[in-house]
Asks: 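Have a look at this one before I ask anything.
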Amino acid sequence: MKIRVYGPGCYACNELDRRVINVLAKLGIAVDYMKVSDVKGITDAGVLFTPALEINGKVVSSGRLLSERQLEKLITGALSEAHS
């Protein structure tokens, strides 16, 4: 699984990064994870609003700070799809 958090470093972007890391630790799964904060990387991914979350190459959230519960649902859902 590949997860990217996009954001230039604002509060919401840093908080999304922290929450994703917390959820991954809670779930006990290892993923290819990266926080992308450079503008070129953000725009190359097609992200218009930050913070944004990408799972397995698909932007699943943009312009909002997801709760840990929402993140857990998205990540476990992506895991289920990957194992189907």
Asks: Who are the side chain to side chain contact (heavy atoms under 4.5 Å, CB included) partners of K40, not counting sequence neighbours?
Replies: D38, D44
Asks: When clusters are formed by joining ILVMFWY residues with side-chain heavy atoms under 4.5 Å apart, either directly or through shared neighbours, do M34 and V31 land in the same one?
Replies: no
Asks: In Å and rounded to the nearest 0.5 Å, what is the CD to CG distance from E15 to N22?
Replies: 8.5 Å
Asks: With side chains defined as the heavy atoms from C-beta onward, is the minimum distance between L71 and L53 less than 4.5 Å?
Replies: yes
Asks: Given the rule in the side chain to side chain contact (heavy atoms under 4.5 Å, CB included) test, do V47 and V36 qualify, once you have shown the distances and angles that lead to the verdict?
Replies: CA-CA 11 Å; V47 171; V36 179; over 6 Å; no
Asks: Does the side chain of L74 reach to within under 4.5 Å of the side chain of L66, using non-hydrogen atoms?
Replies: yes
Asks: Could you check whether atom CZ of F49 has more than 12 heavy atoms from other residues, nucleotides or ligands sitting under 6.0 Å from it?
Replies: no
Asks: How many angstroms lie between CD1 in I21 and NZ in K26, if you round to the nearest 0.5 Å?
Replies: 16.0 Å
Asks: Just by distance, do the side chain of N56 and the backbone of M1 share a donor-acceptor pair under 3.5 Å?
Replies: no
Asks: What closest approach, in Å, do I42 and S37 show between heavy atoms, and which atom pair accounts for it?
Replies: CD1-O, 3.9 Å
Asks: Which residues pass the side-chain hydrogen bond (donor to acceptor under 3.5 Å, both in side chains) test with S67, sequence neighbours left out?
Replies: Q70
Asks: Please report the shortest heavy-atom distance between E68 and V23, naming the atom on each side.
Replies: O-CG2, 3.6 Å
Asks: Write down the atom of C10, the atom of C13, and the distance for their closest heavy-atom approach.
Replies: SG-SG, 2.8 Å
Asks: Out of curiosity, L27 CG to E72 CD, how far, rounded to the nearest 0.5 Å?
Replies: 5.0 Å
Asks: Are any non-hydrogen side-chain atoms of S62 and L48 less than 4.5 angstrom apart?
Replies: no
Asks: Is there a donor-acceptor contact under 3.5 Å from the side chain of R4 to the main chain of D32?
Replies: yes
Asks: Tell me, do L16 and N14 make a side-chain contact under 4.5 Å, heavy atoms counted?
Replies: no
Asks: Same hydrophobic cluster for L79 and V59, using side-chain heavy-atom links shorter than 4.5 Å among ILVMFWY?
Replies: no
Asks: Less than 4.0 angstrom from a charged side-chain N to a carboxylate O is my criterion; do E54 and K58 meet it?
Replies: no
Asks: Identify the heavy atoms of Y33 and V20 that sit nearest to each other, and give their distance.
Replies: CE1-CG1, 3.4 Å
Asks: Among all residues two or more places apart in sequence or in another chain, which pass the side-chain hydrogen bond (donor to acceptor under 3.5 Å, both in side chains) test with K2?
Replies: none
Asks: Of all heavy-atom pairs between A78 and I55, which one has the smallest distance, and what is that distance?
Replies: CB-CG2, 3.5 Å
Asks: To the closest 0.5 Å, what do you measure between OH (Y6) and OG1 (T43)?
Replies: 10.5 Å
